[in-house]
Amino acid sequence: PVEQIENMQKYLNEVEEDKLKGQLYIKRDDILPISGSVKARGGIYEILKYAEELAAESDLIDKDADFAQFSLERFREVFSRYTIVCASTGNLGLSIGIMSAELGFKVDIHMSVDAKAWKKTLLREYGVNVIEHEDDYSKAVEAGRDEAMKREDFYFVDDEDSETLFLGYAVSALRLKNQLIEAGIEVSADNPLYVYLPCGVGGAPGGITFGLKEVFGDDVHPVFAEPVNSPCMLLGVMSGKHDEISVRDIGLDNVTIADGLAVGRPSKFIGKTVEKMISGFYTVHDESLYKMLAKLWDTEQMKLEPSALAGMAGGYRLQEENPNMTAGTHLVWSTGGNMVPEDVWQKDYERGLELLKG
């Protein structure tokens, strides 16, 4: 759903000492089924597409039955001969791992050092083989790709270069269009749509941006939000070097509480595809993520993980740079939170309260 967050907007107006021009909404990808994050859009779509291709090749599909048939043993027997491989800082691994395991695939998920322990534990509960790396996301991707290249029965989901993932994310714009119509929200030159997208390697925000531009054209303004220590897409696009430059090359350590955004080197495919569609970039401190996590619960009773708060102050950053911008609809894309264990979320919330008091 798309929900207005009036109380959070009032709070932000106070702390930012500026009144946002327009209304603030949130896109609740944090409550998407199965994996509780934006990664459900791309990851689950790619696995279902691959499963359907395998089933068609093996002549398993009964055209007179619905797709619940994919849970039947004849499908699982075929799928069990194949291994899905993916690299992740967390949420993509959850979406790929859970969906693949449910269908009967073997699954190897390469997790970077930034990945949260609870996400690794949850995957293992589904029978997923989690391979931990004492390095960042790019190294985990390399390891996953190398593993998959060795075997014909391995299928690699490439978060850096997958058109299938990209299209799975892009479809969200079609759904959003209908939701805005139902809510009576006009998108036009006189009432533009500003969308604030947390960004890691770029797959989800890139695909969503592509879809938004296809649907809304010049009336939508996608803005990417990244941690101050991991602004890989900003760096890649603004330097023109894309995946040939890392945040470490400019002295940043790529360490952030926002595990889904802890990426040092951006996707070449995404950056080159959507760079002219992005209206802007900004960075956010970990402390701000904690504070906004706490305040969103206090004002709206919404439980998000830190990464999902990256877009929350985007309208204020944009307005700061463009004081004469046209008032419109401001949409924060919430990227995850529903699967976070209560004790883990509570610690993040308490940390946010401490910082707010300080």
Side-chain angles (χ1 to χ4, degrees), residues 1-33 35-40 90-91 116-119 179 183 185 194-200 223-229 256-262 282-320 327-358:
V2 170
E3 299 179 19
Q4 189 169 1
I5 43 176
E6 294 179 84
N7 295 325
M8 188 65 177
Q9 183 172 351
K10 288 176 185 174
Y11 164 74
L12 289 170
N13 285 346
E14 290 175 10
V15 298
E16 296 286 343
E17 298 181 346
D18 192 12
K19 187 175 181 181
L20 186 65
K21 296 177 182 177
Q23 304 302 313
L24 188 63
Y25 292 82
I26 189 167
K27 176 68 170 167
R28 299 294 307 277
D29 275 16
D30 56 287
I31 59 172
L32 277 172
S35 66
S37 81
V38 65
K39 299 297 185 178
N91 285 342
K116 297 284 191 285
W118 70 264
K119 295 182 182 180
Q179 288 179 311
I185 297 171
Y194 302 100
V195 183
Y196 308 101
L197 296 154
C199 179
V223 178
F224 283 21
E226 298 178 279
V228 290
N229 287 344
T256 172
I257 185 63
D259 58 323
L261 313 183
Y282 71 95
T283 58
V284 58
H285 286 279
D286 281 4
E287 288 191 0
S288 294
L289 299 178
Y290 280 124
K291 288 178 183 177
M292 288 187 288
L293 180 148
K295 289 307 296 187
L296 190 66
W297 171 253
D298 290 345
T299 59
E300 305 287 352
Q301 286 72 60
M302 294 179 183
K303 290 185 176 182
L304 272 57
E305 62 180 340
S307 297
L309 276 303
M312 188 59 68
Y316 298 88
R317 299 288 81 76
L318 197 62
Q319 200 165 282
E320 195 178 334
T329 301
H330 298 268
L331 183 65
V332 175
W333 209 285
S334 170
T335 50
N338 189 44
M339 303 284 280
V340 180
E342 181 61 29
D343 62 328
V344 174
W345 181 86
Q346 190 65 37
K347 286 179 182 177
D348 288 340
Y349 174 72
E350 290 170 1
R351 176 65 176 145
L353 291 182
E354 287 174 12
L355 290 166
L356 286 165
K357 288 174 185 173

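The side chain to side chain donor-acceptor pair (under 3.5 Å) test with His330 singles out one residue from Tyr25, Tyr316, Tyr196, and that residue is Tyr196. Here the rule is side chain to side chain donor-acceptor pair (under 3.5 Å) with Asp30, and of Ser307, Ser334, Ser37 only Ser334 fits it.
Atoms NZ and CG, on Lys295 and Leu353 in that order, are 8.5 Å from each other to the nearest 0.5 Å. With rounding to the nearest 0.5 angstrom, the OH atom of Tyr349 is 14.0 Å from the CG atom of Leu304. Taking CD of Glu6 as the reference point, atom CG of Leu24 lies at 10.0 Å (rounded to 0.5 Å). Note: Glu305 CD to Ile257 CD1 = 9.5 Å, rounded to the nearest 0.5 Å. Rounded to the nearest 0.5 Å, atoms CD (Glu350) and OH (Tyr290) are 12.0 Å apart. Between the CG atom of Leu261 and the OG1 atom of Thr283 there is a distance of 12.0 Å, given to the nearest 0.5 Å.
When atom types are taken as modelled, the side chain of Glu17 and the backbone of Glu14 share no donor-acceptor pair closer than 3.5 angstrom. Panel note: side chain Gln319, backbone Lys19; a donor-acceptor pair is recorded below 3.5 Å. A side-chain donor-acceptor contact under 3.5 Å links Glu300 to the backbone of Asn7. Between the Gln9 side chain and the Gly22 main chain, a donor and an acceptor come within less than 3.5 Å of each other. A distance-only check finds a donor-acceptor pair linking the side chain of Asn13 to the backbone of Leu20 [under 3.5 Å].
Contact check on Glu354 versus Lys357 returns no salt bridge, with no Lys/Arg side-chain nitrogen under 4.0 Å from an Asp/Glu carboxylate oxygen.
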Q: Apply side chain to side chain donor-acceptor pair (under 3.5 Å) to the pair Asp29 and Thr335, showing each step before the final yes or no.
A: CA-CA 5 Å; Asp29 275 16; Thr335 50; over 6 Å; no
Q: List the steps and the verdict of side-chain contact (heavy atoms from CB on, under 4.5 Å) for Met312 and Leu296.
A: CA-CA 9 Å; Met312 188 59 68; Leu296 190 66; 4.0 Å; yes
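Atom CD of Glu342 has more than 12 neighbouring heavy atoms from other residues, nucleotides or ligands inside a 6.0 Å radius.
A heavy-atom distance below 4.5 Å is not found between the side chains of Lys291 and Leu309. Side-chain atoms of Thr329 and Tyr194, non-hydrogen and from C-beta on, never get closer than 4.5 Å to each other. Side chains of Trp297 and Met302 form no contact here, defined as non-hydrogen atoms less than 4.5 Å apart. In this structure, Lys119 and Met339 have side chains that are not in contact, with every pair of non-hydrogen atoms separated by 4.5 Å or more. Using a 4.5 Å heavy-atom cutoff, the side chains of Val223 and Leu318 are in contact. When side chains are defined from C-beta on, Val2 does not count as touching Ile26, because their heavy atoms never get closer than 4.5 Å.
For Asn229 and Thr256, the side-chain atoms include no donor-acceptor pair closer than 3.5 Å.
Here the closest heavy-atom approach between residue Glu226 and residue Cys199 is recorded as CG-O, 3.5 Å. Of all heavy-atom pairs between Pro198 and Gly311, the closest is CG-N, 4.2 Å. Among all heavy-atom pairs drawn from Pro306 and Leu289, the shortest one is O-CD2, 3.6 Å.
Residues forming a side-chain contact (heavy atoms from CB on, under 4.5 Å) with Glu287 (at least two apart in sequence, or on another chain): Leu355. Taking the side-chain contact (heavy atoms from CB on, under 4.5 Å) definition, one finds that Pro33 meets it with nothing, sequence neighbours left out.
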